[in-house]
Chemist: 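First the structure, which I've put down as structure tokens, then a few questions once you've had a look.
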Amino acid sequence: MKIPNHVAIILDGNGRWAKSKGMPRNYGHIQGAKNLEVIIEEAHNIGIRYLTVYAFSTENWSRPKEEVDALMKLLRNYMKTCLKTASKNRMSVRVIGDKSALDEDIQKRIEELERATKDYEGIHLQIAINYGGRDEIKRSVQKIAKKVADGILKVEDISEKLISNELDTCQIPDPDLLIRTCNELRISNFLLWQLAYAELYFTEVAWPDFTKDELKKALEAYHTRKRKFGAIEEE
Ligand code: FPP
């Protein structure tokens, strides 16, 4: 079977999943985080090389404070759990998004995790936190504009490759497959630049119920797609 090199996932539906069980939304996020562990391991076993997940968007700050605090607590703890998962799966971890808005202790844990795992080559996990595609492009444009203003870069040297290299995902190949759970058919400001040619897969299953079998279904659907990059159709 044709295995995508890079899979991106919008982890949606934790809240609805919890509500359907008469539980608070945060319970859904906790189960969602546990499920991520299962899917990382399976992705690694299947041979997926890059996995990027949307954990907290630039828009998620507008949720009730209680929920934002609970998500931050979960992410804070996850940075510790993730060290173990990383060494087991020889996984390198990178956090994408504007980290400067996160609490300092979370930033420190992220740095430790990224440093400790940077040489692992098993699977590469990108966690999007305080991430928005437009915000990422804006930050990238600011960096490029500064280089031009400082005389380090000429306007005519600005290429697609140069822009890609200024994004948070620099050096990471673009996703081949985007999965979004829980029946929402949108991109929601995720990897706007990088998803240009990705295949899209939507499922009704909420993220906490997205099992290894659901991942296989998504990969089977991907396998049947004929990929097109502009005019060229993949053999
Ligand atoms: C969307 O569900 C999910 C989120 C906003 C957060 C995703 C976070 C996790 C899966 C857990 C933490 C992540 C890591 C990396 C440890 P929703 O709340 O929008 O659900 P709803 O659409 O049903 O309300």
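Whatever order the structure lists them in is the order used to number ligands and atoms, beginning at 1. Only heavy atoms go into these numbers, but all of them, side chains included; no hydrogens, no water, no symmetry mates.
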Chemist: List the closest protein heavy-atom neighbour of atom 12 (C) of ligand 1: residue, atom name, distance to the nearest 0.1 Å.
Modeler: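 Looking at atom 12 (C) of ligand 1, the protein heavy atom closest to it is Leu74 CD2, 3.9 Å.
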Chemist: For Arg180 and Ser188, does a side-chain donor sit closer than 3.5 Å to a side-chain acceptor?
Modeler: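 Looking only at side-chain atoms, Ser188 and Arg180 do form a donor-acceptor pair, the distance falling under 3.5 Å.
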Chemist: Mind listing the closest non-hydrogen atom pair of Glu184 and Phe202 along with its distance?
Modeler: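 That closest heavy-atom pairing would be O-CD2, 3.2 Å.
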Chemist: Out of Arg16, Arg25, Arg63, indicate the one that has the non-hydrogen atom closest to atom 19 (O) of ligand 1.
Modeler: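 It is Arg63 that holds the nearest heavy atom.
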Chemist: Where on Leu75 is there a heavy atom closer than 4.0 Å to ligand 1, on the side chain, on the backbone, on both, or on neither?
Modeler: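 Within the 4.0 Å criterion, Leu75 contacts ligand 1 through side-chain atoms alone.
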Chemist: Please list the nearest protein heavy atom to atom 20 (O) of ligand 1 with its residue and the distance rounded to 0.1 Å.
Modeler: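 In this structure, atom 20 (O) of ligand 1 has Gly15 N, 3.0 Å as its nearest protein heavy atom.
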Chemist: Please work out whether any backbone atom (N, CA, C, O) or any side-chain heavy atom from C-beta onward of Lys19 is under 4.0 Å from ligand 1, and answer side chain, backbone, both or neither.
Modeler: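 It is neither part, as no heavy atom is under 4.0 Å.
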Chemist: Could you tell me if Asn14 and His29 have a donor-acceptor pair between their side chains, going purely by distance under 3.5 Å?
Modeler: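 Judged by distance alone, the side chains do pair up.
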Chemist: May I ask you to check if ligand 1 and Tyr78 share an N or O to N or O distance below 3.5 Å?
Modeler: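 N/O-N/O distance under 3.5 Å: no.
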Chemist: Does one side chain, of Thr52 or Gln126, offer a donor that lies under 3.5 Å from an acceptor on the other?
Modeler: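 Yes, a side-chain donor-acceptor pair sits under 3.5 Å.
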Chemist: Check whether any N or O atom of Leu36, backbone or side chain, sits under 3.5 Å from an N or O atom of ligand 1, and answer yes or no.
Modeler: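 Looking only at distances, the answer is no, because the N/O contact criterion of under 3.5 Å is not met.
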Chemist: Say whether Asn130 and Trp61, considering side chains only, have a donor N or O and an acceptor N or O under 3.5 Å apart.
Modeler: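 Yes.
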Chemist: Between Gln194 and Glu136, do the side chains contain an N or O donor and an N or O acceptor separated by less than 3.5 Å?
Modeler: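 Per modelled atom types, Gln194 and Glu136 side chains form a pair under 3.5 Å.
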Chemist: Looking only at protein heavy atoms, which one is nearest to atom 8 (C) of ligand 1, and what is the separation?
Modeler: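 Of every protein heavy atom, Ala55 O, 3.7 Å lies nearest to atom 8 (C) of ligand 1.
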Chemist: I'd like to know whether ligand 1 has Gly13 as a neighbour, heavy-atom separation below 4.0 Å.
Modeler: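 The answer is yes: ligand 1 sits under 4.0 Å from a heavy atom of Gly13.
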Chemist: Please check whether Asn14 reaches ligand 1 - meaning an N/O of the residue sits under 3.5 Å from an N/O of the ligand, judged on distance alone.
Modeler: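 Between Asn14 and ligand 1, an N or O pair is found under 3.5 Å apart.
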Chemist: Could you list all the ring-ring contact (aromatic ring centres under 6.0 Å, His included) pairs where at least one residue sits in residues 74-126, not counting sequence neighbours?
Modeler: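 ring-ring contact (aromatic ring centres under 6.0 Å, His included) check on residues 74-126 returns Tyr50-His124.
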Chemist: List every atom of ligand 1 that sits less than 4.0 Å from any heavy atom of Leu11, numbering the atoms from 1 in the order shown and giving each element.
Modeler: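 Going through ligand 1 atom by atom, the ones under 4.0 Å from Leu11 are 1 (C), 2 (O), 3 (C), 10 (C).
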Chemist: With a heavy-atom distance limit of 4.0 Å, tell me whether Asn60 approaches ligand 1 through its side chain, its backbone, both, or neither.
Modeler: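 Side chain only.
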Chemist: Under a 3.5 Å threshold, yes or no: a donor from one side chain and an acceptor from the other, between Asp98 and Ser100?
Modeler: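 Distance-only check passes for Asp98 and Ser100.
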Chemist: Looking only at protein heavy atoms, which one is nearest to atom 11 (C) of ligand 1, and what is the separation?
Modeler: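 Protein heavy atom at minimum distance: His29 O, 3.6 Å.
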Chemist: Other residues, nucleotides and ligands only: do more than 12 of their heavy atoms fall within 6.0 Å of CD on Glu112?
Modeler: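 Yes, the 6.0 Å shell around CD holds more than 12 heavy atoms from other groups.
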